[in-house]
J.: 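The structure that follows is given in the form of structure tokens.
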Amino acid sequence: MRLLRAESMRFWARTLIRWAMVAGLVVAGLVVLGSWSTSTPPPDEVQASMQADFDASVKDWEDNGETYVADCLAAEKADAEELGEPLDYECDEMGPPVWADYAYFATFAGEGLSTVQLSLLLVALLTLGVGVTFVSAEHTSGAIGNWLTFEPRRSRVYWSKVVAAVLGVVPVTVVMVGLIAGGSLWAYDHHGALGRFDLDQDLRPYVEMGFRAAVLALGCAALGAALGSLLRHTAIVIGVVAGWAILVEAVAANVFDAIKPWTLVTSMNAWIQGGTAVYVTECDATDDSGMLCDWVEHPVSQAQGGLILTAVVASIVLASWLVFRRRDVA
Amino acid sequence: MANDLAIETRGLRKTYRSRRGASVGVRSLDLEVPVGGVHGFLGPNGSGKTTTIRMLLGLVRADEGEMRIFGHEVPDRLPAVVRRIGAIVEHPKFYPAFTGRKNLQILATGIGVPVRRVDEVLDSVGLGDRGKDAFRKYSLGMKQRLAIAATLLKDPDLLIFDEPTNGLDPAGIREIRETMRALAVEGKTVLVSSHILAEVEQVADTVSIVSEGTIVSQGRVADLLSSRTAATARVLVADPARALNILQDAGFVVRGDGEALIVEGVENPADVTRTLALQGSYVSALVPHKADLESVFLELTGTAERQSGEPTEGVAR
């Protein structure tokens, strides 16, 4: 506990970390502000114009709807006869205009939720960075050597740093997740723009999503601390993370579709969203020796995403521990 | 292994391996530092002093050999004895952006020392009014003093100073020297590695000289000086050429040095004056030159020729 107390003191004494947290809170505030702005209904004159367009379309449908359907069926029949195969122009789905097609109001179920999900990844990115700088600064400055002359039990030293990094980001994680998730929902609700999001039915899964995002952020803090100890320089960690993001998550995932369900980005999305889906190109040989390719949806479960993320974080944290135990300290 | 030793190593070996190959840092090093007093640890650059200190402190792993501090085998039993050790390895390394006081507060919290002790040790090294300044703003001398303050947090029995006077001005060097002496007077053991041989000679009771990763000599400074190098004498006479012949005939090792003669291996300067006087050659001046640690060091480490023409400071590291 002594070591943890000392590490916590060091954590909160670092100006960079305090600024990073302030920046995180500002970003969270901006997300809420963005939600407020997006969910704000358009001015009355714009709404009146939308209403006028809608009313005109309704009248047009009432006057000519039957003709439009008849024309559609006729064209479908004529084209089918010409081509010699059945066609479906979906004429039976034609109907009166829908208000939602004319009123361009953003809803929480539409734009809001996906913005929240994306913004929650920023929390994880922030805690990763905080974990990295917290530990790597000690290696870069050489202060770790001095520290070990006071406390030579390296395992205790290592774990106190990882735990301090995780505990240290708890407040900012809770506030950021609360602001982003709660603030955005409040903004849309305030403007009556929840859309298909039903507070009675969907609130609990939504809160659970926030909880999972917070867990991911804490895991990222531990991962950051481990990477900071392993690579010892913030710049190297940034290089490795950026390299991974570009080479594996972007390039390789696009070249080799098969790895898409297993990438970290997919796993994070699956974990936060409670499951996701990726589209993979699958090609089959046709009878006349051609290739027929199709986009096939691959569902990725929340459990799979969580398992992959846990495995990655645990392996790097443990590997870093083993290296720190044995490594010569300059 | 003896109980009257603060530090003892046997057959210590460390090889650094890199893509360019292996280099031996320390080979079969047997170091003995008695309890109490100041022990100088001398050796040329790259001779293995800092590596040895790092191995003793568990910062670097030894490939072979045994180490004990106050009878405890290290690094395995280091946690049991670390509270009795204060160490500064090379340059003091603290968190640059934190104040001196904050750095020590963190250390104090980590080792379970009351935080009020921080102000006591800052005062004791003259940093009481600078504790609120960021470490990066400290001069090198202040950094060294802060490092000493950090070692004093634990009130240790053994203090290890690796090049503590590096970069200090004469006043700072004197301050460190007095601090080391004061600690020794308190009954503590101080191991100091320094490249300033005159400093070590002034402050050390015992000394170990390391060369190419192994100890070439160790013991009391006085014994080392009396046993390893005989004194020389610079003699001024009216007729140096005649005096040279007289002394050579009498069996002295002597050479001319301008108007003077340098007589080597003089155990008693009176022998020189008597020999010359008996032959009617009278000495106008005789300056005995006693062996110092520097000459012993150069003789033992064989660096005299390599160092010729260079200042002798900076020989050891």
Side-chain angles (χ1 to χ4, degrees), chain A residues 1-20 130 133-165 167-168 228-229 232-234 322-330, chain B residues 14 16-17 25 50-51 53-63 69 74-83 85-99 101-113 115 134-136 146-147 150-151 153-154 156 159-160 162:
Chain A
M1 285 307 285
R2 283 186 290 105
L3 288 181
L4 186 56
R5 252 199 331 273
E7 291 297 345
S8 296
M9 275 176 75
R10 195 167 70 77
F11 183 91
W12 290 108
R14 272 185 65 75
T15 311
L16 184 62
I17 288 177
R18 292 204 298 265
W19 277 112
V130 167
T133 185
F134 171 57
V135 175
S136 66
E138 200 172 6
H139 287 272
T140 311
S141 67
I144 185 70
N146 191 30
W147 188 234
L148 289 173
T149 66
F150 283 79
E151 177 47 87
R153 287 169 289 200
R154 293 198 180 191
S155 290
R156 291 186 182 205
V157 168
Y158 176 81
W159 290 112
S160 68
K161 289 180 188 305
V162 173
V163 173
L167 293 180
S229 177
R232 294 182 284 191
H233 290 275
T234 302
L322 292 175
V323 169
F324 181 69
R325 281 188 56 180
R326 297 210 48 92
R327 184 158 59 190
D328 288 348
V329 175
Chain B
K14 175 69 181 178
Y16 290 105
R17 292 176 179 81
T50 298
T51 298
I53 289 172
R54 286 186 191 285
M55 286 192 285
L56 284 167
L57 296 170
L59 298 176
V60 168
R61 280 178 183 275
D63 297 329
I69 296 180
V74 293
D76 292 348
R77 298 276 299 145
L78 197 51
V81 77
V82 74
R83 285 297 294 265
I85 308 168
I88 308 169
V89 186
E90 290 189 314
H91 301 295
K93 287 166 182 166
F94 291 93
Y95 306 109
F98 294 178
T99 65
R101 181 173 283 108
K102 176 59 81 178
N103 269 298
L104 296 198
Q105 283 172 344
I106 291 171
L107 288 174
T109 305
I111 59 173
V113 168
V115 175
F135 177 72
R136 64 165 173 259
L146 184 72
T151 64
L153 275 176
K154 296 188 275 190
L159 291 111
I160 300 175
D162 187 16

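In what follows, every chain begins at residue 1, and chains take the letters A, B, ... in the order their sequences are listed. From a predicted model like this one, the values you see are computed outputs, not experimental measurements.
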J.: Is any side-chain heavy atom of Asp328(A) closer than 4.5 Å to a side-chain heavy atom of Leu59(B)?
T.: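 No. Closest side-chain heavy atoms not under 4.5 Å.
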
J.: Just checking Arg156(A): does its CZ atom have more than 12 heavy atoms from other residues, nucleotides or ligands closer to it than 6.0 angstrom?
T.: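 Counting neighbours around CZ of Arg156(A), 12 or fewer heavy atoms of other residues, nucleotides or ligands fall under 6.0 Å, so no.
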
J.: Please look at Ala150(B) and chain A and tell me whether the side chain, the backbone, both or neither of the residue comes under 4.5 angstrom of a heavy atom of that chain.
T.: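 Both parts, heavy atoms under 4.5 Å.
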
J.: In terms of heavy-atom pairs under 4.5 Å, which option from Met1(A), Glu151(A), Arg153(A), Arg5(A) contacts chain B the most?
T.: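 Highest number of heavy-atom pairs under 4.5 Å: Arg153(A).
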
J.: Of the backbone (N, CA, C, O) and the side chain (C-beta and beyond), which part of Arg154(A) lies under 4.5 Å from a heavy atom of chain B, both, or neither?
T.: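 Contact with chain B involves the side chain of Arg154(A) alone.
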
J.: Under a 4.5 Å cut-off applied to non-hydrogen side-chain atoms, are Ser136(A) and Thr234(A) in contact?
T.: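 Result yes, sub-4.5 Å side-chain heavy-atom pair found.
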
J.: Tell me, side chain or backbone of Glu7(A) under 4.5 Å from chain B's heavy atoms, or both, or neither?
T.: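 Neither part; nothing is under 4.5 Å.
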
J.: Just so I understand: if I count every heavy-atom pair under 4.5 Å between each of Pro152(A), Ser141(A), Ser8(A), Gly142(A) and chain B, which residue has the most?
T.: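 Ranked by heavy-atom pairs under 4.5 Å with chain B, first place is Pro152(A).
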
J.: Below 4.5 Å, heavy atoms only, C-beta onward: do Trp12(A) and Ile17(A) meet side chain to side chain?
T.: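 No, every pair of side-chain atoms sits at 4.5 Å or beyond.
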
J.: Holding to salt bridge (charged side-chain N to carboxylate O under 4.0 Å, His left out), I want the full list of residues that pass it with Asp63(B), two or more places apart in sequence or in another chain.
T.: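 Once residues adjacent in sequence are excluded, Asp63(B) has no partner under the salt bridge (charged side-chain N to carboxylate O under 4.0 Å, His left out) criterion.
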
J.: Checking heavy atoms, do the side chain of Thr15(A), its backbone, both or neither come under 4.5 Å from chain B?
T.: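 For Thr15(A), there is no contact with chain B at all, as no heavy atom is under 4.5 Å.
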
J.: Between Met55(B), Lys154(B), Gln105(B), which shows the greatest number of heavy-atom pairs under 4.5 Å with chain A?
T.: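 Of Met55(B), Lys154(B), Gln105(B), Lys154(B) has the most heavy-atom pairs under 4.5 Å with chain A.
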
J.: Taking side chain as everything from C-beta outward and backbone as N, CA, C, O, which of these in Pro79(B) sits under 4.5 Å from a heavy atom of chain A? Side chain, backbone, both or neither.
T.: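 Backbone plus side chain of Pro79(B), per the 4.5 Å heavy-atom cut-off to chain A.
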
J.: Is the count of non-hydrogen atoms from other residues, nucleotides or ligands lying under 6.0 Å from Arg327(A) atom CZ greater than 12?
T.: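 Enclosed.
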
J.: Using non-hydrogen atoms only, which part of Phe94(B) is less than 4.5 Å away from chain A: side chain, backbone, both, or neither?
T.: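 Contact with chain A: backbone and side chain both.
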
J.: Do the charged groups of Glu90(B) and Arg54(B) touch, with an N to O distance under 4.0 Å?
T.: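 So Glu90(B) pairs with Arg54(B) through a salt bridge.
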
J.: Between Ser160(A), Ala13(A), Gly145(A), which shows the greatest number of heavy-atom pairs under 4.5 Å with chain B?
T.: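 Result: the option with the highest number of such pairs is Ala13(A).
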
